[in-house]
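Worksheet: the structure to be examined is printed underneath.
Order of appearance sets the numbers: ligands from 1, and atoms from 1 within every ligand. Because the structure is a prediction, the values reported are computed rather than measured.
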Amino acid sequence: MQYLKDGAARLGLKLKSQQIEQFHTYYRELLDWNRRVNLTSITEFKEVQLKHFLDSLTVTLAFTRHVISEKLSLIDIGSGAGFPGLPLKIAFPDIKLVLLEATGKKVAFLHHLTQKLNLDDVEVLAGRAEDIAHQAQYHERFDIVLSRAVAFLPALAELTLPFCAINGKVIIQKKGDIEDEVSQAARAIETLGGGQPEVKKIEITELADDRYLVIIDKVSPTPTQYPRRPGMPSKRPIVDKGSLK
Ligand code: SAH
């Protein structure tokens, strides 16, 4: 796990041997389940260390001193095989984490893995963000809402901001040319109670391939009609007429 260790050190994180052992278990289980369930196309050991584990840990760049306080509650929307939520839970064992995922087989993997890793305070939740966000115990209840590789930003704003408590933060991981996407998301973010988004480029050498965090503060309540029914956020994203190319 030298690539992960070195990369984490650049983020100011010193992973203990027990945590490295947990990442080993994660890697083994990911590969094993990936033969039956389509979890990831990245399977090479070095690539998993960098593009899944370390990439998940870059979320810490949104925090002062790159530390996630143990008091915080986080939800990962469309977690898939657990990214970015689970690597963060391994690195910061005292956070409260919910992993939300719509696909049953991936949910089964997440249940299996969290048991295997002996993690406390992790809830694996099966369902769609559009439905779950309306349930009182999840609506505007989280300090931090995470999401990686789930949808176009205007749609993703609608799948994430409704979960975020006022004064909390939505942290979205994006790759590639995102300038247009961010400007097209302005209307959705404002409508859903978000502030001006901050875009932070990931500058660590191992991941210097145009990765960004889009960080949005939750400044006012999300109107109760959002999110709309499943599929609508992507099918009819909240954008200004004519802005979609
Ligand atoms: N975040 C993971 C997975 C990305 S793939 C990673 O970066 O590796 C996108 C995942 O989001 C899929 O597993 C899909 O089932 C899930 N997803 C897509 N739309 C969703 C929704 N509306 N609610 C919950 N999960 C969703």
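The nearest heavy-atom contact from the protein to atom 15 (O) of ligand 1 is E101 OE2, 2.6 Å. Protein heavy atom closest to atom 19 (N) of ligand 1, with residue, atom name and distance, is V150 CG1, 4.0 Å. Of all protein heavy atoms, the one lying nearest to atom 4 (C) of ligand 1 is A149 O, 3.4 Å. Here the heavy atom of the protein found nearest to atom 10 (C) of ligand 1 is G78 O, 3.6 Å. The nearest protein atom to atom 23 (N) of ligand 1, hydrogens excluded, is given as A129 N, 2.9 Å; this is a heavy-atom distance. Nearest protein heavy-atom contact of atom 25 (N) of ligand 1 is A102 N, 3.4 Å.
Side-chain atoms of E181 and Y212 include no donor-acceptor pair closer than 3.5 Å.
Under the 4.0 angstrom criterion for non-hydrogen atoms, G127 is in contact with ligand 1. Residue-ligand proximity: A81 is placed with every non-hydrogen atom at 4.0 Å or more from ligand 1.
Distances from atom 7 (O) of ligand 1 to the heavy atoms of R148, Q173, E158, H52 put R148 nearest.
At least one donor-acceptor pair closer than 3.5 Å links the side chain of K218 to the backbone N or O of L161. Without hydrogens or angle criteria, K89 side chain to I95 main chain gives a donor-acceptor distance under 3.5 Å. Using a distance-only test at 3.5 Å, with no hydrogens or angles considered, no donor-acceptor pair links the side chain of D217 to the main chain of G195. Within the 3.5 Å criterion, the main-chain N or O of E206 finds no donor-acceptor partner in the side chain of R10. The backbone N or O of I77 lies less than 3.5 Å from a partner atom in the side chain of S147, making a donor-acceptor pair. A side-chain donor-acceptor contact under 3.5 Å links E101 to the backbone of G80.
For the pair K201 and D210, the salt-bridge criterion is met [side-chain N within less than 4.0 Å of a carboxylate O]. A salt bridge is absent between K46 and E44; no separation between the charged side-chain nitrogens and carboxylate oxygens falls under 4.0 Å.
Among the atoms of F83, some N or O lies under 3.5 angstrom from an N or O of ligand 1. Considering backbone and side-chain atoms alike, D76 places every N or O at 3.5 Å or more from each N or O of ligand 1.
Counting the atoms of ligand 1 from 1 in the order shown, those under 4.0 Å from a heavy atom of K106 are 12 (C), 13 (O). When each atom of ligand 1 is checked for a heavy atom of E130 under 4.0 Å away, the hits are 21 (C), 22 (N).
With a heavy-atom cut-off of 4.0 Å, S147 does not touch ligand 1 at all.
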